[in-house]
Trainee: 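Pasting a structure below so you can have a look.
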Amino acid sequence: AQSVTQLGSHVSVSEGALVLLRCNYSSSVPPYLFWYVQYPNQGLQLLLKYTSAATLVKGINGFEAEFKKSETSFHLTKPSAHMSDAAEYFCAVSASSSASKIIFGSGTRLSIRP
Amino acid sequence: EADIYQTPRYLVIGTGKKITLECSQTMGHDKMYWYQQDPGMELHLIHYSYGVNSTEKGDLSSESTVSRIRTEHFPLTLESARPSHTSQYLCASSEARAQNYGYTFGSGTRLTVV
């Protein structure tokens with residue numbers, strides 16, 4: 001079975017500061033990992049995904065995430081926050097089986113201070 | 001450019017009314033999903049389908065029903081709306097190997113039952 005835990009339901013950073021959103025996963029098989037972003041009154045948009053290729057994954061809008069098997073983590077980072085990054089972010093995990101569904105974390109709300 | 005469409009975007013309706021939330025995708029995806037998302041952000045899977053004439057209940061019990069008569073169409077119906085049904089409903093779809101590509105989400109329907 002797979003699960004994800006997002007540490008911190010709300011993260012606030014200053015504009016221009018580093019963004020770090022934490023995600024730890026649990027999986028009995030090699031996982032596939034995703035980060036999604038949700039802007040107000042919108043659906044979820046895929047930011048990036050890890051599918052067992054490079055451990056450092058680059059996504060849209062300057063975000064990246066690093067898969068660390070030893071730490072069972074897939075934290076999302078961005079070097080310099082922009083006001084437009086304010087949104088809700090979801091980490092998600094899936095197994096390699098075609099019957100597997102994607103399991104979503106509970107989400108982290110990112111606020112950007114001017 | 002959205003490949004999965006949800007209508008209506010917003011709906012305010014009285015208690016006891018029957019409603020159908022529409023979801024259509026143009027990508028030929030076999031798998032489709034309905035999520036309920038409350039203000040606390042967490043996504044709850046309420047229904048899913050792996051193909052025509054295939055529907056399953058999700059992790060969260062729901063009084064809604066779904067049908068999958070055509071590949072591209074996955075409507076959700078509430079026979080008698082109640083204030084407890086007030087929520088955002090998100091539709092998603094994926095290729096057969098969802099773990100490789102992730103889900104594509106619609107923009108959501110925000111339902112308010114008064």
Side-chain angles (χ1 to χ4, degrees), chain A residues 1-6 8-11 21 25 27-53 57 59-60 65 74 86-111, chain B residues 1-11 21 23 25 27 29-51 54 56-60 87-112:
Chain A
Q2 291 76 41
S3 66
V4 288
T5 301
Q6 292 186 241
S9 60
H10 186 203
V11 171
L21 304 183
Y25 70 90
S27 179
S28 56
V29 297
Y32 292 79
L33 295 159
F34 308 86
W35 275 99
Y36 283 83
V37 61
Q38 185 181 31
Y39 298 104
N41 296 316
Q42 295 292 324
L44 276 67
Q45 178 184 1
L46 183 65
L47 263 181
L48 50 81
K49 60 185 178 185
Y50 166 77
T51 56
S52 75
V57 182
I60 62 173
F74 191 58
E88 291 157 7
Y89 293 80
F90 292 87
C91 183
V93 65
S94 178
S96 57
S97 164
S98 61
S100 176
K101 296 190 290 293
I102 293 177
I103 308 299
F104 290 89
S106 56
T108 297
R109 177 165 297 162
L110 176 65
S111 300
Chain B
E1 182 179 344
D3 295 312
I4 181 165
Y5 305 93
Q6 290 187 244
T7 57
R9 287 294 311 278
Y10 302 93
L11 179 61
L21 308 185
C23 177
Q25 49 96 4
M27 298 169 284
H29 286 170
D30 288 323
K31 297 183 176 182
M32 296 188 74
Y33 312 84
W34 275 104
Y35 286 86
Q36 183 174 335
Q37 185 180 34
D38 292 328
M41 295 190 298
E42 193 162 354
L43 295 162
H44 300 285
L45 180 66
I46 52 175
H47 298 282
Y48 62 98
S49 167
Y50 283 176
S54 158
E56 301 287 343
K57 290 189 179 296
D59 306 320
L60 180 69
S87 189
Q88 170 148 270
Y89 293 84
L90 295 171
C91 182
S93 71
S94 71
E95 297 190 27
R97 297 176 66 184
Q99 66 279 10
N100 286 357
Y101 303 107
Y103 295 172
T104 300
F105 280 84
S107 297
T109 294
R110 184 165 295 280
L111 173 66
T112 302

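Within every chain, numbering begins at 1; the chains are lettered A, B, ... in the order of the sequence lines, protein sequences first and strands thereafter.
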Trainee: Between A:Gln38 and chain B, which part of the residue has a heavy atom less than 4.5 Å away: side chain, backbone, both or neither?
Mentor: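 The answer is the side chain of A:Gln38.
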
Trainee: Distance-only, no hydrogens or angles: does the B:Glu56 side chain make a donor-acceptor pair with backbone N or O of B:Tyr50 under 3.5 Å?
Mentor: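 Checked: no pair found.
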
Trainee: Below 4.5 Å from any heavy atom of chain B, which atoms of A:Leu46 appear? Answer side chain, backbone, both or neither.
Mentor: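 Only the side chain of A:Leu46 comes within 4.5 Å of chain B.
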
Trainee: Checking B:Gln37 against chain A: side chain, backbone, both or neither under 4.5 Å from a heavy atom?
Mentor: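 Looking at B:Gln37, just its side chain touches chain A.
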
Trainee: State, to 0.1 Å, how close A:Trp35 and A:Ala65 come at their nearest heavy-atom pair, and which atoms those are.
Mentor: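 Here A:Trp35 and A:Ala65 meet closest at CD1-CB, 4.1 Å.
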
Trainee: Is the B:Tyr33 ring parallel, tilted or perpendicular to the B:Tyr103 ring (thresholds 30°, 60°)?
Mentor: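 Parallel.
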
Trainee: Over 60° means perpendicular and under 30° means parallel, so classify the ring planes of B:Tyr35 and B:Phe105, tilted if in between.
Mentor: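 Plane angle between 30° and 60°, so tilted.
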
Trainee: Which atoms of A:Tyr39 come close to chain B, meaning under 4.5 Å heavy atom to heavy atom: side chain ones, backbone ones, both, or neither?
Mentor: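 For A:Tyr39, there is no contact with chain B at all, as no heavy atom is under 4.5 Å.
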
